[in-house]
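What follows is a single structure, written as structure tokens, with notes after it.
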Amino acid sequence: MIQIHISDSEMHEYSLGTSAGDVIRNVHGKKCGAVAALVDGVERDMSHELSDGQRIEPIIGDSEAGLYIIRHSTAHLLAQAVLEYYPNAKPTIGPPIENGFYYDFHMDPISDDELKKIEKRMKEISRENIPIVREEYDNAALREIFSENPFKIEIMDDKIEDGNGSSVYRQGDFVDLCRGPHVPTTAMLRWFKLTSTSTCYWKADASKESLVRIYGWSFASKDELQNHETLMREAAKRDHRKLGKDLQLFHIDEMVGQGLILWTPRGSIVRNQLQDFISNHLGRQGYHQVYTPHIGKLDLYRTSGHYPYYQESQYPPLVERDLMTKLADEGCSCGELSNRMDEGEIDGYLLKPMNCPHHIRIFTSQARSYRDLPLRLAEFGTVYRWEQSGEISGMTRVRGFTQDDAHLFVTEDQIAQEVLGCIELVQIIFGNLGMEDYRIRVGLRDPDSSKYVGEPEKWDKAEQACRDAAASLGVPFTEEEGEAAFYGPKIDFVVRDVIGREWQLGTVQVDYNLPERFDLSYTGADGEKHRPVMIHRAPFGSMERFCGVLIEHFAGKFPTWLSPTQVHILTISEKHKQYANEVACTLKNAGFRIELDDSDNTIGKKIRTHRAMQPSYMLILGDEESENQTVSIRNRSGEQSKGISIDEFVADLELEITSRSAHQSLVKGE
RNA sequence: GCCAACAUAGCUUAGCUGGUAGAGCGGCUGAUUUGUAAUCAGCAGGCCGGGAGUUCAAAUCUCUCUGUUGGCUCCA
């Protein structure tokens with residue numbers, strides 16, 4: 001007999017050879033939802049044989065650990081189905097991920113129809129209730145089992161030490177190298193859906209074999225799967241690409257170019273308001289606003305080190321026409337041209353991929369003393385980067401974008417304080433917009449790498465400054481080694497979009513590199529030359545990405561101060577045209593963004609149409625209102641206030657806008 | 001850039017295995033004068049993303065280019 005701990009206070013006695021599953025079924029019942037067991041703190045299969053004195057707990061399917069196991073097992077189920085249809089496919093790795101799993105196969109690409117077929121077969125296998133069995137082998141036996149699959153052999157080479165052996169899991173004819181644990185039978189894998197296919201490379205290395213990746217969702221219950229599907233559908237509705245079209249905020253035109261945003265009048269209002277908002281803060285924080293051109297000479301970028309090093313992510317250089325003609329006459333080939341440009345024999349201009357070099361040349365335009373520092377130069381600067389075509393997406397990943405950029409030239413002693421000032425600005429903005437679902441990432445250098453410029457002591461100091469600044473914010477942050485830029489540590493603000501993808505928005509970066517490359521200096525109190533440190537910062541990241549994220553954040557329902565149109569005035573009948581025009585005039589003069597609809601449609605129809613554009617408020621004007629010189633206010637959720645005087649409405653709206661309130665406060669109810 | 005899917009009017013879309021396009025919304029014109037999520041009628045919108053090919057015949061099949069979507073990779 002063996003003694004098994006069920007809880008701190010409870011101990012049961014079982015016969016020798018009792019499995020984890022036996023105990024869990026005995027204690028918690030058959031339908032407790034357990035997929036595996038935690039035995040002395042280690043995850044085990046249900047079939048795991050217990051020994052005397054062990055402590056056991058069930059791992060429930062909808063727990064984090066349970067879902068991990070279910071998703072991992074679903075990946076195996078996928079591999080089983082794939083191998084039935086494509087016996088030559090070589091499974092590589094198949095891990096669980098958020099909401100599901102993927103599995104990479106070395107095989108020919110498959111179509112969506114084939115994906116459906118595979119999913120159908122997975123459901124069948126699930127219903128067949130095939131046991132999933134763990135088997136252990138020594139290294140020689142493992143290599144025999146997977147002799148046909150070089151990828152598995154490579155995994156063994158990497159991960160399994162000599163003489164250790166490992167486990168495999170078998171379900172029907174399918175067997176996979178795996179540490180487990182797994183659910184005991186395919187019947188426990190029911191609530192999944194294959195979502196998409198993709199290609200990737202073995203070990204994420206483009207020089208290695210191309211693999212087919214199949215993605216799926218997997219959950220512990222029907223409800224959870226359906227919830228997730230609903231969530232995804234809801235998310236699609238607030239996708240900024242859809243709303244941008246519906247609300248006429250921006251347009252991307254095939255004829256203009258991929259990843260190049262055309263801001264329409266309504267979208268431009270949102271952008272302008274955000275810029276004003278930042279500009280206000282810049283003044284208060286002692287920034288100077290500057291303007292610089294969209295291009296600069298190649299030499300500028302040779303000095304900064306961005307040309308030719310980051311050439312593949314830049315638009316190609318512009319070369320003067322006369323020079324081009326001359327080179328053409330000489331029979332200069334494209335490759336030759338490129339080489340001569342790299343080497344600096346030929347000059348040209350580059351669309352600026354960042355604003356720093358321009359700002360640096362403003363710094364060097366005068367002799368600077370320590371009394372000038374910190375010098376803070378800000379610009380809404382538009383930059384151009386040649387992103388890979390497959391990566392471009394809506395407003396969040398584009399080829400031309402405007403950064404709310406600034407560069408601070410500071411002494412080393414000023415770093416900590418200035419970094420703090422920068423992240424406070426980010427916090428003010430995020431806080432005002434009600435964006436709370438973000439994380440702060442402090443990017444530190446990777447201690448094992450040599451790619452970083454600057455002396456270690458300076459790095460230590462700068463990293464500590466970033467860490468301190470982040471800590472002083474009172475919100476959680478992560479420190480991530482290797483996330484620093486090569487020239488200095490940074491603090492990033494990362495938000496998630498509606499479908500869970502993360503986007504880096506605001507960023508604050510400490511830079512020792514560019515001051516060195518451009519040989520920047522200021523005269524200290526001691527009369528000696530000193531090297532300043534630069535801080536790059538962009539609280540929004542870019543206007544494009546930020547607006548994209550903001551559209552999704554508000555689901556198109558912008559707070560009044562940002563709303564492209566704030567008030568839509570709707571008449572009930574022709575009789576009220578005159579009054580409506582008077583109200584419209586008053587509101588326009590008060591500086592509000594309004595739209596007037598005195599067409600002969602029914603009021604129901606007008607409300608329905610205007611709702612689509614999401615104005616903050618609609619004013620309904622009929623007999624009652626025109627007789628009493630009042631307005632009837634309707635907010636976005638359809639609540640109304642009647643009989644409000646125009647003066648009161650103007651005053652209240654004014655307040656809501658100037659306070660940049662995130663909430664609609666004008667409808668007070670009956 | 002790679003893999004898959006997709007591209008029909010301003011928007012949303014129908015069009016099965018080839019026989020050269022239908023609808024709703026929106027727009028315009030009338031009628032209607034309306035009290036909180038669609039009043040009625042008429043009219044005008046399409047080289048079916050561009051180009052090439054197969055065919056007596058292509059929105060439909062093939063190739064190619066452009067763009068979009070989901071991933072991969074990348075992101076100073």
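Values in this document were obtained by computation on a predicted structure and should not be read as measured data.
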**OP:** Look at the side chain of A/Glu625 and the base of B/G35, then say whether one donor and one acceptor between them are separated by less than 3.5 Å.
**Re:** yes
Out of B/U33, B/A37, B/G35, minimum distance to the side chain of A/Glu574 belongs to B/U33
TODO: Give A/Tyr487 one of three labels, base, sugar-phosphate or nothing, depending on what nucleic acid heavy atoms sit under 4.0 Å from its own.
DONE: sugar-phosphate
Classify A/Ile607 by what it touches in the nucleic acid, base, sugar-phosphate, or nothing, heavy-atom distance under 4.0 Å.
base
Self-check item: A/Glu387 bridged to A/Arg399 by N-O distance under 4.0 Å
Solution: no
Let's go through A/Trp386 and A/Tyr315 carefully: what are the C-alpha distance in whole Å and the side-chain angles of both, what is the deciding distance for ring pair (Phe, Tyr, Trp, His ring centres under 6.0 Å) to 0.1 Å, and is it a yes or a no? CA-CA 5 Å; A/Trp386 188 262; A/Tyr315 276 84; 5.0 Å; yes
Distance, P atom - from B/A41 to B/G24, rounded to whole angstrom = 10 Å
Could you list the protein-to-nucleotides 25-28 of chain B atom pairs, N/O on both sides, closer than 3.5 Å?
from  : atom 1 : to       : atom 2 : distance (Å)
B/G26 : OP1    : A/Lys605 : NZ     : 3.0

In A/Glu379, A/Arg361, A/His359, the residue satisfying side chain to side chain donor-acceptor pair (under 3.5 Å) with A/Thr292 is A/Glu379
inquiry  = Mind checking if A/Gly622 touches a base, just sugar-phosphate, or nothing, with heavy atoms under 4.0 Å?
reply    = base
- Query: Going by atom types alone, do A/Gln509 and A/Thr507 pair a side-chain donor with an acceptor below 3.5 Å?
  - Reply: yes
Side-chain contact check for A/Tyr201: nearest option of B/G35, B/C2, B/G70 is B/C2
Point to revise | Salt-bridge criterion met for A/Arg445 and A/Glu463 (N-O under 4.0 Å) | key: yes
**Prompt:** Expressed in whole Å, how much space separates the P atoms belonging to B/U39 and B/C72?
**Reply:** 47 Å
Of A/Arg636 and A/Thr197, the one whose closest nucleotide on RNA chain B sits nearer the 5' end is A/Arg636
Applying the 3.5 Å cut-off to both distances, the Watson-Crick or G-U partner of B/U17 turns out to be none
Testing B/U68, B/G70, B/U73 for proximity to the side chain of A/Gln258, the answer is B/U68
Rounded to whole Å, the CD-C1' distance (A/Gln578 to B/U33) equals 17 Å
By the Watson-Crick or G-U definition, both distances under 3.5 Å, B/C63 is matched with B/G51
State whether the distance check finds a donor on one side and an acceptor on the other, under 3.5 Å, for side chain A/Arg213 versus base B/C3. no
Under a 4.0 Å N-O cut-off, is there an ion pair linking A/Glu625 with A/Lys642? no
A/Asp108 atom CG is separated from B/A4 atom P, nearest whole Å, by 10 Å
Sidechain N-carboxylate O distance under 4.0 Å for A/Lys490, A/Asp492:
yes
Quick note, A/Tyr310 side chain, CB onward, closest among B/G35, B/C72, B/A76 is B/A76
Partner of A/His536 under ring pair (Phe, Tyr, Trp, His ring centres under 6.0 Å), picked from A/Phe409, A/Tyr487, A/Tyr512, is A/Tyr487
| message | What's A/Gln311 touching, base or sugar-phosphate or nothing? Going by heavy atoms closer than 4.0 Å. | response | nothing
Does A/Ser196 contact B/A5 through a side-chain donor or acceptor facing the base, at a distance under 3.5 Å? no
The Watson-Crick or G-U wobble partner of B/U39, with both key distances under 3.5 Å, is B/A31
| Which is true for A/Ser632 with a 4.0 Å heavy-atom rule: it touches a base, it touches only sugar-phosphate, or it touches nothing? | base
Item to complete: May I ask you to say what A/Asp246 touches in the nucleic acid, namely base, sugar-phosphate or nothing, with a heavy-atom cut-off under 4.0 Å?
Response: nothing
Taken to the nearest whole Å, CZ/A/Arg233 to P/B/G70 is 17 Å
Among the nucleotides B/A76, B/C74, B/U36, whichever has the atom closest to the side chain of A/Glu387 is B/C74
Of B/U36, B/G71, B/U73, the nucleotide closest to the side chain of A/Ser198 is B/G71
Of the listed B/C72, B/A37, B/G70, the closest approach to the A/Tyr215 side chain comes from B/C72
Only residue of A/Phe546, A/Phe401, A/Phe380 satisfying ring pair (Phe, Tyr, Trp, His ring centres under 6.0 Å) with A/Phe540 is A/Phe546
Its glycosidic angle compared against 90° from 0, B/G49 adopts the form anti
A/Arg608 has its side chain closest, among B/G70, B/A37, B/C75, to B/A37
Closest to the side chain of A/Met354, out of B/A37, B/A76, B/C74, is B/A76
The nucleotide from B/U66, B/A76, B/U33 with an atom nearest the side chain of A/Ser573 is B/U33
Across every strand shown, the nucleotide meeting Watson-Crick or G-U wobble geometry with B/G1 (both distances under 3.5 Å) is B/C72
Check: Reckon A/Thr199 has a side-chain N or O less than 4.0 Å from the OP1 or OP2 of B/C72?
Finding: no
Residues A/Arg441 and A/Glu479 bridged, charged N to O under 4.0 Å: no
To the nearest angstrom, the CG-P distance between A/Asn601 and B/U29 comes to 13 Å
